Protein chains: 2
Amino acid sequence: MPTKEMEEARSLFIRRWGEMAACWGVSRTMAEIHALLYLATEALCTDDVMDQLSVSRGSASMNLRELVNWGLITRLHRRGDRKEYFEAETNAWTMFETIVRERRRREVQPIVETIEKCLEMTEPHGAPRKSDPNDDAESCRQRLTDILEFFELMNTLFNLMMKGGHHGVPTLLKRIGKILG
Amino acid sequence: MPTKEMEEARSLFIRRWGEMAACWGVSRTMAEIHALLYLATEALCTDDVMDQLSVSRGSASMNLRELVNWGLITRLHRRGDRKEYFEAETNAWTMFETIVRERRRREVQPIVETIEKCLEMTEPHGAPRKSDPNDDAESCRQRLTDILEFFELMNTLFNLMMKGGHHGVPTLLKRIGKILG
DNA sequence: TCATCCTTTCAAAACCTTCTGAAAGGATTC
DNA sequence: GAATCCTTTCAGAAGGTTTTGAAAGGATGA
């Protein structure tokens, strides 16, 4: 039997999680559903979501599907039950990995490709000459290159973090801490 | 004299940067202005922004102010000129640091505080008993704790990355790479 | 085959964000 | 003080996103 405090805490977290989502380009309802499932101790069905968050069937269905697409929740069938149930990934690091991978694929990759294209388009042709920082085009290219390198470095960092599973990260951090004194 | 290719590349990058922004909860125009200033070799005034991006004076003014608030661009006055000019931070790492710091303050901090409050609200009172993973409330608290720890770890990582300036990061990555083989 | 149960779809509605443009505000120069 | 120049503000318009709810789709069991 869930206590009153527990219910309040749960709903507080769900609401805040939903509010924050807007800042990150995720719809409030989708984030609330995610939070609801993250805290749920057992899989919930569409009607549970509708009831607990007061959203329509359509919205619940769309948002649940989207969450499945993101890989943040999974469908679950139960023998002898026609309903579909949903379950969230509950390991915070796995969640993080999933989100970063998806965002990288959907959002970072396109911009990286665009930058590469921009650099190709503006490749200085003719005799190679010393790069002149006063040259408008050259400094523009330089900035594009800087951003590109930044993305590449972040990519490397993420790959390193995910290497060796989630347990690696806290250990990794301790080691970095030592390196940096 | 900017070449035709350079102009095309510039506008391509600006548009893509703007498109990506929506995914991250930033308005397209604000991101486009940011990209425009990032690539600009000299400070631009409001009219430059209006002309080059075809936006209204009001929008340019609002978005420029917002960018100043974020600390991504700075105002610039020139002797003998009434206009205000704007200049972007052009170091990618400084930019990154600014963005992460601001987002942390605005978006991560509130959710961390909410989680802490949730945990306080649901502190088990009475005789301390063994935590029981089957207990609904206890497993809910556990998940909240997990998320909290995740945020704390990310916080530590960011602080480490920023320790010792931007040059530290590539070096750091190389070292981590060696540690992990 | 029909009835039931559940999910998905989608056009219309509701809602929210952003932009526009004109007006007001404020600083500087003549 | 008036004119000029530039910035800011904000109500209304425009545009975009999300939700709703009803209808269609599809599976299962009687």
Side-chain angles (χ1 to χ4, degrees), chain A residues 14-15 17-37 42-70 72-87 106-107, chain B residues 14-15 17-37 42-70 72-87 106-107:
Chain A
I14 291 172
R15 253 176 302 140
W17 197 257
E19 279 161 19
M20 284 308 109
C23 303
W24 295 88
V26 174
S27 92
R28 174 195 302 265
T29 305
M30 186 169 135
E32 287 192 347
I33 295 178
H34 183 221
L36 177 68
L37 288 170
E42 53 178 5
L44 302 181
C45 69
T46 308
D47 290 84
D48 294 332
V49 172
M50 288 167 62
D51 293 347
Q52 298 203 34
L53 300 180
S54 307
V55 295
S56 69
R57 186 170 298 283
S59 185
S61 174
M62 300 271 259
N63 284 300
L64 282 167
R65 177 168 40 155
E66 195 62 9
L67 283 166
V68 171
N69 280 345
W70 272 80
L72 290 170
I73 66 175
T74 48
R75 275 173 214 281
L76 197 85
H77 292 274
R78 283 181 179 163
R79 290 251 164 275
D81 192 340
R82 289 196 193 167
K83 278 205 200 77
E84 275 187 324
Y85 291 82
F86 298 89
E87 212 177 33
R106 300 176 187 206
E107 297 150 20
Chain B
I14 291 172
R15 254 177 300 140
W17 197 256
E19 280 161 17
M20 284 307 109
C23 302
W24 294 88
V26 174
S27 90
R28 174 194 302 264
T29 305
M30 186 168 135
E32 287 192 348
I33 294 178
H34 182 220
L36 177 68
L37 288 170
E42 54 178 5
L44 302 181
C45 69
T46 309
D47 290 86
D48 294 331
V49 172
M50 288 167 61
D51 294 347
Q52 299 203 34
L53 301 180
S54 307
V55 295
S56 70
R57 185 170 299 282
S59 183
S61 174
M62 300 272 258
N63 284 299
L64 283 166
R65 178 169 39 156
E66 195 62 9
L67 283 166
V68 171
N69 280 345
W70 272 79
L72 290 169
I73 67 175
T74 48
R75 275 172 213 281
L76 197 86
H77 292 273
R78 284 181 177 162
R79 291 250 162 274
D81 193 340
R82 290 196 195 168
K83 278 206 201 77
E84 274 187 324
Y85 292 82
F86 297 89
E87 212 177 31
R106 300 175 187 208
E107 298 152 19

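Every value quoted in this text rests on a predicted model; they were computed, and no experiment measured them.
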Provide, to the nearest angstrom, the distance between the [atom1] atom belonging to [X] and the [atom2] atom belonging to [N].
X: A:Asn63; N: D:dT17; atom1: CG; atom2: P; answer: 15 Å
X: A:Arg28; N: C:dC15; atom1: CZ; atom2: P; answer: 13 Å
X: B:Glu32; N: C:dT18; atom1: CD; atom2: P; answer: 14 Å
X: A:Met62; N: C:dT8; atom1: CE; atom2: P; answer: 11 Å
X: B:Asp48; N: D:dT7; atom1: CG; atom2: P; answer: 10 Å
X: B:His77; N: D:dC5; atom1: NE2; atom2: P; answer: 19 Å
X: A:Asp81; N: C:dT4; atom1: CG; atom2: P; answer: 18 Å
X: A:Leu64; N: C:dT8; atom1: CG; atom2: P; answer: 8 Å

message = Do A:Leu37 and A:Ile33 make a side-chain contact, defined as non-hydrogen atoms from C-beta onward lying under 4.5 Å apart?
response =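 The answer is yes; the side chains approach within 4.5 Å.
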task = Determine, stepwise, if the pair A:Tyr85 / A:His77 fulfils side chain to side chain contact (heavy atoms under 4.5 Å, CB included).
result = CA-CA 6 Å; A:Tyr85 291 82; A:His77 292 274; over 6 Å; no
A:Ser27, nearest nucleotide to its side chain (from C:dT20, C:dT7, D:dT18) =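 Selected nucleotide: D:dT18.
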With sequence neighbours excluded, tell me which residues meet salt bridge (charged side-chain N to carboxylate O under 4.0 Å, His left out) with [X].
X: A:Glu84; result: A:Arg75
X: A:Asp47; result: A:Arg57
X: A:Glu19; result: A:Arg16

ask   = Is any side-chain nitrogen or oxygen of B:Ser61 closer than 4.0 Å to OP1 or OP2 of D:dT8?
value =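 It does, given that an N or O in the side chain of B:Ser61 lies less than 4.0 Å from OP1 or OP2 of D:dT8.
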key: OP1 or OP2 of C:dT9 under 4.0 Å from side-chain N/O of A:Arg65   =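 Result: yes.
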key: Under 4.0 Å protein heavy-atom contact, by nucleotide of nucleotides 21-30 of chain C - B base, S sugar-phosphate only   = B-----BBS-
message = Show me the pairs that pass salt bridge (Lys or Arg N to Asp or Glu O under 4.0 Å) and involve residues 24-36 of chain B, at least two apart or across chains.
response =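 As it turns out, there is no salt bridge (Lys or Arg N to Asp or Glu O under 4.0 Å) pair with a partner in residues 24-36 of chain B once direct neighbours are skipped.
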query = Among all residues two or more places apart in sequence or in another chain, which pass the side chain to side chain contact (heavy atoms under 4.5 Å, CB included) test with B:Arg82?
reply =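 For B:Arg82 there are no side chain to side chain contact (heavy atoms under 4.5 Å, CB included) partners, ignoring immediate neighbours.
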